[in-house]
Amino acid sequence: MKAKLGQYYYAPLRNYWVVWQWTSVSETGAMGSKVKEFFDMEEARAYVWQMNGWGKPSKKLN
């Protein structure tokens, strides 16, 4: 996924999942701020979809 300023994304951090929001994007890198923590990847994914205005995920991940 290519970083877009203001967009949300999720990533693993230790034994849980964190939702981040891109705060700075340039050609050489990107930086985000932590928004919320989840213990379940599907919950983090659903939150990201909702916050980005994409609706709800149509399929579960394998």
Side-chain angles (χ1 to χ4, degrees):
M1 178 176 116
K2 189 171 182 179
K4 293 181 184 175
L5 188 62
Q7 199 167 48
Y8 294 83
Y9 68 101
Y10 63 98
L13 180 65
R14 296 184 183 89
N15 61 344
Y16 54 96
W17 292 85
V18 177
V19 172
W20 303 82
Q21 184 179 27
W22 295 116
T23 56
S24 174
V25 178
S26 69
E27 290 183 18
T28 58
M31 186 169 48
S33 61
K34 188 171 17 172
V35 176
K36 198 168 180 177
E37 299 173 359
F38 294 90
F39 288 108
D40 182 54
M41 181 182 70
E42 289 294 336
E43 288 180 20
R45 181 176 178 236
Y47 182 82
V48 166
W49 275 58
Q50 179 185 1
M51 296 304 291
N52 284 334
W54 299 338
K56 292 187 178 187
S58 57
K59 299 179 195 174
K60 287 198 170 198
L61 297 176
N62 291 333

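Note that these values count all heavy atoms, side chains included, but never hydrogens, waters or copies made by symmetry.
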Could you check K56 against W49 for side chain to side chain contact (heavy atoms under 4.5 Å, CB included), going step by step and ending with a plain yes or no? CA-CA 6 Å; K56 292 187 178 187; W49 275 58; 5.8 Å; no
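- Here the side chains of F38 and V19 are in contact, with some heavy-atom distance below 4.5 Å.
- No path of Ile, Leu, Val, Met, Phe, Trp and Tyr side chains, each step under 4.5 Å between heavy atoms, connects Y9 with M31, placing them in separate hydrophobic clusters.
- The list of salt bridge (charged side-chain N to carboxylate O under 4.0 Å, His left out) pairs with a residue in residues 17-28, not counting sequence neighbours, is empty.
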Identify each donor-acceptor pair in which a side-chain atom of residues 10-17 lies under 3.5 Å from a protein atom, sequence neighbours left out, and give them as a table.
none

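- L5 CG to Q21 CD: the interatomic distance, rounded to the nearest 0.5 Å, is 8.0 Å.
- The distance from atom NZ of K4 to atom CH2 of W22, rounded to the nearest 0.5 Å, is 12.5 Å.
- Contacts of E42 classified as salt bridge (Lys or Arg N to Asp or Glu O under 4.0 Å), with partners at least two apart in sequence or in another chain: R45.
- Not a single donor-acceptor pair under 3.5 Å links the side chain of N52 to the backbone N or O of Q7.
- Closest approach of W20 and K34 over heavy atoms only: CE3-N, 3.4 Å.
- The two atoms that bring Y8 and V48 nearest to each other are O-CG1, 3.5 Å, heavy atoms only.
- Between A3 and V25 the shortest heavy-atom distance is O-CG1, 3.8 Å.
- Atom CD in E43 sits 13.0 Å away from atom CD in E37 (nearest 0.5 Å).
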